[in-house]
Amino acid sequence: MHLFFQEKWEVEGLQTVGILLVVCSSLKLMHFLGLIDITTEDSVEDDFELSTVCHRPESMDKLQEQTKFTKKELQVLYRGFKNECPSGVVNEENFKTIYSQFFPQGDSSMYAHFLFEAFDTNKNGSVSFEDFVFGLSIILRGTINDRLNWAFNLYDLNKDGCITKEEMMDIMRSIYDMMGKYTYPTMQDDAPREHVESFFQKMDRNKDGVVTIEEFIESCKKDENIMQSMQLFDNVI
């Protein structure tokens, strides 16, 4: 298995691996919540309307208008979310606990923190069902630009509209920590920095030391591996 990830690091580069991790972790999260099979016939409409939770989600019809999911898909998404988050929201610690089950070979806490921040669009320290659905709608049903914008927002840690080397270093270290033994068995301490430099050589087109959203999207669209990874989202549910 470690040879597979080693080839990914060497051939596709940091940006592709990072996007692939978003893909894989999103799919694993959906599998964990039981969201892959949507053929079940029993309705969860009553659960949606009558369940006693701390946070009551918006109506199905409204969420259907605001996302690219069908009503049936939203019902299944809600069932899985409510099973794991009975209160109707998930805080960061619970999110990290769930996420740690996907990568038991390493420490996923920091990467889970960054991913939680991307889903927590209201910045209130919790992810509601609406937050979860809005994020998944972009990841699974959005245009290429929508998906790349979401990925850029994940990497732009302080949300100032550009990615710095320091931010990418934090992301890179979190990926190494999360992958654990599946990264280089004899990983050198400066390996994350080398990948950051490679990222900026490719993405920072005007060489001003930061990567803007325009540079990020333009570079990603020219990368065949990244475009192929984007297609993994299609027709998931």
Side-chain angles (χ1 to χ4, degrees), residues 1-28 102-103 106-108 110-119 135 138-140 142-234:
M1 178 66 74
H2 71 273
L3 292 177
F4 168 79
F5 282 106
Q6 181 171 339
E7 290 177 358
K8 289 293 183 185
W9 286 110
E10 293 176 344
V11 177
E12 297 180 5
L14 167 65
Q15 62 274 20
T16 304
V17 172
I19 290 175
L20 282 171
L21 282 173
V22 174
V23 179
C24 294
S25 57
S26 297
L27 296 182
K28 287 185 176 183
F102 306 155
F103 299 94
D107 180 2
S108 64
M110 186 54 67
Y111 192 84
H113 165 73
F114 296 144
L115 198 59
F116 181 87
E117 289 285 301
F119 275 103
I138 294 172
I139 294 170
L140 300 178
T143 64
I144 292 297
N145 276 10
D146 291 337
R147 297 169 182 180
L148 291 176
N149 267 287
W150 197 92
F152 180 88
N153 182 65
L154 174 66
Y155 298 150
D156 179 16
L157 300 182
N158 66 1
K159 313 306 178 193
D160 66 349
C162 61
I163 302 172
T164 65
K165 288 187 177 182
E166 290 75 16
E167 288 173 320
M168 279 312 305
M169 183 60 102
D170 289 341
I171 291 287
M172 189 68 255
R173 286 180 176 138
S174 74
I175 291 175
Y176 268 105
D177 290 343
M178 179 171 62
M179 299 310 297
K181 63 184 179 182
Y182 289 147
T183 53
Y184 295 120
T186 58
M187 182 185 69
Q188 300 298 316
D189 291 339
D190 59 351
R193 187 170 301 279
E194 291 176 359
H195 285 294
V196 170
E197 292 299 329
S198 176
F199 174 90
F200 270 79
Q201 286 178 8
K202 187 171 187 177
M203 297 280 184
D204 184 13
R205 295 186 172 274
N206 64 358
K207 309 303 178 186
D208 64 349
V210 297
V211 174
T212 64
I213 181 63
E214 293 81 12
E215 290 174 322
F216 182 80
I217 290 178
E218 180 182 356
S219 298
C220 287
K221 283 185 172 180
K222 291 181 179 179
D223 190 302
E224 181 179 351
N225 291 315
I226 292 178
M227 289 299 96
Q228 288 178 351
S229 72
M230 290 287 100
Q231 295 175 4
L232 294 177
F233 291 117
D234 296 337

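Distance CD1/I175 to CE/M168: 6.5 Å, rounded to 0.5 Å. Going from atom CG of N153 over to atom CZ of F216 covers 10.5 Å, rounded to the nearest 0.5 Å. With rounding to the nearest 0.5 angstrom, the NE2 atom of H195 is 3.5 Å from the OH atom of Y176. Interatomic distance, CG of L140 versus CG of D146, reported as 12.0 Å (0.5 Å rounding). Separating the CZ atom in R173 from the CG atom in D107 is a distance of 14.0 Å, to the nearest 0.5 Å. The CG atom of N158 sits 10.5 Å away from atom CD1 of I163, with the distance rounded to the nearest 0.5 Å.
A donor-acceptor pair under 3.5 Å is absent between the side-chain atoms of R193 and the main chain of M169, judged by distance alone. Under a 3.5 Å cut-off, the side chain of K202 and the backbone N or O of S219 do not form any donor-acceptor pair. With N149 contributing its side chain and N145 its backbone, the two residues share a donor-acceptor pair below 3.5 Å. The backbone N or O of Y111 lies less than 3.5 Å from no partner atom in the side chain of S108, so there is not a single donor-acceptor pair. Judged purely by atom type and a 3.5 angstrom limit, D156 uses its side chain to pair as donor or acceptor with the backbone of G161.
Note: W150 and Y155 fail the aromatic proximity criterion, with ring centroids not under 6.0 Å apart.
Remark: K222 pairs with E218 by the side-chain hydrogen bond (donor to acceptor under 3.5 Å, both in side chains) rule, at least two apart or across chains.
Of all the heavy atoms in V211 and F200, the pair that sits closest is CG2-CE2, 3.7 Å.
A heavy-atom distance below 4.5 Å is found between the side chains of M227 and L148. Taking the side chain as every heavy atom from C-beta outward, D204 and F199 never approach each other to under 4.5 Å. The shortest side-chain heavy-atom distance between E215 and M203 does not fall under the 4.5 Å cut-off. Annotation: side chain of I144 is in contact with side chain of K221 (closest heavy-atom distance under 4.5 Å).
Salt bridge annotation for K165-E197: present, with a cationic side-chain nitrogen under 4.0 angstrom from a carboxylate oxygen.
No side-chain N or O of D177 forms a donor-acceptor pair with one of S174 less than 3.5 Å apart.
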Requested in this report: Dump the intermediate steps for side chain to side chain contact (heavy atoms under 4.5 Å, CB included) on L157 and I171, then the final yes or no.
Outcome: CA-CA 9 Å; L157 300 182; I171 291 287; 3.9 Å; yes
